[in-house]
Amino acid sequence: FKEVCQQNPSLQRGLTKASQGAKAKSITPEVKALGEFELSDKEARLATLYFHQSEIATVFNQALTLRLIQLGAPPETANKIADRVAQNTNRHMRQAIADAGDSVKRITELILVG
């Protein structure tokens with residue numbers, strides 16, 4: 001999300017401004033639901049390999065879209081941003097796994113072999 005905002009300065013300025021208001025302090029039920037979301041082993045594997053196609057991506061996209069709308073983004077723009085964030089997540093997850101190296105080697109093997 002940070003990367004998408006950095007690539008679009010007007011979006012970043014708008015969200016920064018909106019985040020100062022009263023609306024920013026309320027948390028939508030969809031955002032709260034992210035904290036309660038549980039992944040099955042199969043879904044965890046899918047999310048690791050193809051985040052944008054996973055169930056967690058669907059839940060995350062809904063929460064992000066609604067939060068962006070709540071902060072003043074037009075619905076179409078909010079949907080595009082959420083989709084772009086989901087599409088870019090795999091690249092960042094792969095890099096994080098690679099950077100973690102041996103500390104996550106066993107977990108990575110379990111997920112990929114599954």
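This one's a predicted model, so the numbers in the text were calculated from it and none came from an experiment.
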Checklist entry - So how far is it from Ile81 CD1 to Thr65 OG1, rounded to the nearest 0.5 Å? => result 8.5 Å
Name the atoms and distances for all side-chain donor-acceptor pairs under 3.5 Å in residues 52-63, with sequence neighbours left out.
from, atom 1, to, atom 2, distance (Å)
Ser54, OG, Phe51, O, 2.7
Ser54, OG, Ala57, N, 3.2
Thr58, OG1, Ser54, O, 3.4

Item to check | Approximate separation, where rounding is to 0.5 Å, of Asn79 CG and Leu66 CG | outcome: 9.0 Å
Next on the checklist: Please find the pair of heavy atoms, one from Ile69 and one from Ala78, that lie closest to each other, and give the distance.
Outcome noted: CG1-CB, 3.7 Å
Checklist entry - Out of curiosity, Thr77 OG1 to Leu68 CG, how far, rounded to the nearest 0.5 Å? => result 9.5 Å
Checklist entry - Could you go step by step and tell me if Arg84 and Gln87 meet the side-chain hydrogen bond (donor to acceptor under 3.5 Å, both in side chains) rule? => result CA-CA 5 Å; Arg84 191 160 33 152; Gln87 291 289 334; over 6 Å; no
